[in-house]
Amino acid sequence: MTPPPGQIDSVLSSTRADFRLQAKASGESVDHADTRWVDVHRHGKMRSGRTISQQINEHSTIKFTLDLGDGHQSESVILPMTGRTGRQRLTLCLSSQVGCALGCGFCETAAMGFIRNLTVAEVLDQWHVAKFRFDSPISNIVFMGMGEPMENLDTVLQAIRILTDRSGPAIAPSRVAVSTVGRVAGIDRYRDFMTHEDFRRVRLAVSVNAPNAEIRRELMPITRSDSMPELHQAMSDWIASGGKPILIEYVLIPGVNDAVDHPAQLARWLEGIDCRINVIPYNPRRNSPWPAPTESSVDVFIDALRSEGCRVHRRKTLGRSVMAACGQLGNEHVRRKVPLRVPRA
Ligand code: SF4
């Protein structure tokens with residue numbers, strides 16, 4: 001049974017238990033509510049009011065945008081990724097905001113400025129479109145699209161509760177990652193969430209991108225309010241509370257954070273933290289002051305980190321030409337209204 005359009009957002013944004021309670025409170029059949037919830041989240045029986053306004057395929061990468069009905073759009077990317085065992089998986093990169101306030105110097109979304117938070121229904125709708133309209137067997141979810149998830153954390157946590165429900169989307173908690181640029185209060189709250197037995201295996205990714213505070217302040221303004229020592233403490237607390245190893249993201253930018261002494265500095269800063277580093281070759285955004293790094297410079301950086309004892313993985317760059325690669329999401333027309341901040345190289 002497909003619920004009427006008026007109920008779609010309510011179904012999308014409720015856990016199964018909450019949806020049953022809502023039905024009970026309004027005198028509806030709890031069993032019918034239960035069936036509706038499972039029909040929507042498990043079988044994709046819904047008519048979303050949001051239309052897909054863009055669909056680009058490139059080397060199996062799909063970037064799509066959904067009209068939100070207020071002149072704005074969410075943006076999402078379906079990425080084929082090869083796991084450590086060599087198995088191919090489809091990862092869905094979800095947006096949590098329209099635009100972003102945090103102004104990271106390498107990021108395309110930053111140029112939009114912050115427009116608004118997405119609702120739970122708008123986050124879940126991205127998953128529904130990926131799973132049912134694009135018929136993609138999504139196995140992994142990363143909150144790594146537009147926006148800083150920790151700035152809209154209530155919404156992100158509710159989305160995770162729904163996405164991991166075994167009678168609904170049934171994404172394994174160990175395959176859900178929230179990526180932050182280092183909002184310490186948000187990491188602490190996410191850690192509390194993780195200590196609940198149902199969510200013990202959710203993942204934390206931290207976009208570090210700099211070997212020291214000086215470079216990080218230039219590249220990522222959040223470093224001025226949430227310092228590197230505070231970030232280090234939040235990451236240590238995550239591990240001490242039983243959190244899984246942290247994924248450290250490091251966007252490698254030529255002439256900014258790839259100097260010969262930077263791998264050793266980064267390794268020293270990460271000492272004592274159970275983590276794996278993902279080195280992501282910089283994807284030049286529009287009017288970028290920096291080029292992409294050469295293959296050999298990426299190899300040299302990774303080898304140097306490994307010789308410091310770090311576990312390192314090289315992220316393959318997917319979707320570069322459709323502006324679907326890391327740090328490249330953001331509506332082009334809105335983006336032009338906000339001047340890009342160019343940190344000193
Ligand atoms: S990298 Fe993330 S937090 Fe930084 S500006 Fe871009 S979207 Fe915002």
Side-chain angles (χ1 to χ4, degrees), residues 63 65 72-77 79 92-118 122-123 126 141-153 155-156 177-187 189-190 203-210 215-228 230-231 234-235 246-253 256-257 278-290 315 317 319-320 323-332 334-343:
K63 172 179 165 182
T65 65
H72 298 299
Q73 298 166 332
S74 63
E75 298 194 20
S76 322
V77 187
L79 296 154
L92 173 63
C93 178
L94 292 173
S95 292
S96 54
Q97 299 181 311
V98 182
C100 182
L102 297 188
C104 301
F106 54 85
C107 175
E108 190 75 16
T109 307
M112 291 173 72
F114 172 69
I115 295 174
R116 72 171 174 85
N117 283 330
L118 294 182
E122 287 165 345
V123 173
Q126 297 172 63
I141 299 276
V142 291
F143 284 88
M144 213 180 269
M146 264 201 295
E148 161 57 47
M150 299 302 181
E151 300 282 275
N152 190 15
L153 191 56
T155 293
V156 168
V178 175
S179 174
T180 176
V181 288
R183 183 59 90 202
V184 169
I187 295 174
R189 278 195 60 209
Y190 185 50
R203 303 283 163 157
L204 171 67
V206 179
S207 207
V208 174
N209 304 324
I215 293 174
R216 197 165 195 267
R217 268 195 300 271
E218 285 298 321
L219 211 50
M220 305 171 76
I222 190 173
T223 313
R224 292 172 205 152
S225 60
D226 297 57
S227 69
M228 283 185 84
E230 289 169 319
L231 176 57
M235 287 161 53
I246 299 171
L247 182 65
I248 303 294
E249 290 150 2
Y250 196 97
V251 177
L252 193 69
I253 309 175
V256 177
N257 60 6
N278 241 3
V279 173
I280 307 163
Y282 172 61
N283 304 306
R285 54 169 165 73
R286 289 169 179 82
N287 307 317
S288 169
W290 312 296
R315 167 94 60 87
T317 299
R320 183 176 276 167
M323 298 304 281
C326 183
Q328 288 186 326
L329 297 186
N331 183 291
E332 192 177 345
V334 178
R335 202 162 37 211
R336 289 206 188 99
K337 293 179 191 160
V338 183
L340 283 164
R341 182 179 162 276
V342 180

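No hydrogens, no waters, no symmetry mates; every other heavy atom, side chains included, goes into these values. Read the numbers this way: they start at 1 and go in the same order the structure lists the ligands and their atoms.
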Can you spot which of Cys100, Cys104, Pro149, Pro221 makes a side-chain contact (heavy atoms from CB on, under 4.5 Å) with Val181? Cys104
Could you tell me whether any N, O or S atom belonging to Cys107 is less than 2.8 Å from atom 4 (Fe) of ligand 1? no
List every atom of ligand 1 that sits less than 4.0 Å from any heavy atom of Cys100, numbering the atoms from 1 in the order shown and giving each element. 3 (S), 5 (S), 7 (S), 8 (Fe)
Check each atom of ligand 1 against the heavy atoms of Gly103 and keep those under 4.0 Å away; list them by number with element. 5 (S)
Any Ser76 side-chain heavy atom under 4.5 Å of Leu92 side chain: yes
Can you list the ligand 1 atoms lying under 4.0 Å from a non-hydrogen atom of Val181? 3 (S), 4 (Fe)
Closest to atom 2 (Fe) of ligand 1 (heavy atoms only, candidates Gly147, Ala101, Ser179) is Gly147
Heavy atoms, side chains only, cut-off 4.5 Å: are Val206 and Leu204 in contact? yes
Those residues at least two apart in sequence (or on a different chain) that pass side-chain contact (heavy atoms from CB on, under 4.5 Å) with Thr223 are Arg216, Arg217, Met220, Met228
I'd like to check the side-chain contact (heavy atoms from CB on, under 4.5 Å) partners of Arg116; sequence neighbours left out, ordered by chain and number. Leu68, Asp70, Val98, Leu118, Glu122
